[in-house]
Every structure is written in structure tokens, then in C-alpha cells.
Amino acid sequence: MTNALNFFNIFWEHAQQQNLLTIFIGLVCVVAAVVILFLTALEMFMVRIEFWTMALITIPLLPFGVIGQLKFLSEKSNRYNV
């Protein structure tokens, strides 16, 4: 988000020297960049939540892989713990 704000500040400083059409196109680009950066940040947050969720599920299930009768409990968790 810091990069988006820096981008917006640079655009705003140079927008006063341009005509109306160029300002409109630049503003659309700035809005698109902010939306894309927000969606990227949201995706990175979701990946972090997924990683910690899988880690919390995997760690308790790993000892069950040692016992032959309970091996099926840890087969799926071992696949993600590569």
C-alpha cells in the first residue's frame, strides 16, 4: 500500500501540468493499481492463513503415521509437509 500511495502522490504532483483527458486516464490507472495492490495483499494474507492452518493440522497428525493401523490419518498431511 505504501507503493500505491507513493504512486498516487507522484501522479498528483504531475497531474496539474497536464490536460483533462490525460488526468482522467492517469486517474483510472491509479485506481486500477490501488485495486490490484489491495487484491494482491488480500491473496498474500489468505496464503499465510492457509499455511498456518495446514501447519497446525499437520504437526499433531504426523505421529500417527508411525503406527500401521493409524497410518491413513497422516497420509494426507504428509503430502503437504514436503
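Nothing fancy with the numbering, it's 1 onward along the sequence.
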(message) Through direct or indirect side-chain contacts below 4.5 angstrom among Ile, Leu, Val, Met, Phe, Trp and Tyr, which residues connect to Ile25?
(response) Leu21

(request) Sequence neighbours left out, what passes side-chain contact (heavy atoms from CB on, under 4.5 Å) with Ile49? Give chain and number order. (result) Phe45, Thr53

(request) Would you please name every residue forming a side-chain contact (heavy atoms from CB on, under 4.5 Å) with Leu27, sequence neighbours left out? (result) Phe8, Phe11

(request) Give me the other members of the hydrophobic cluster that Trp52 sits in, counting Ile, Leu, Val, Met, Phe, Trp and Tyr linked by side-chain heavy atoms under 4.5 Å, directly or via other members. (result) Phe51

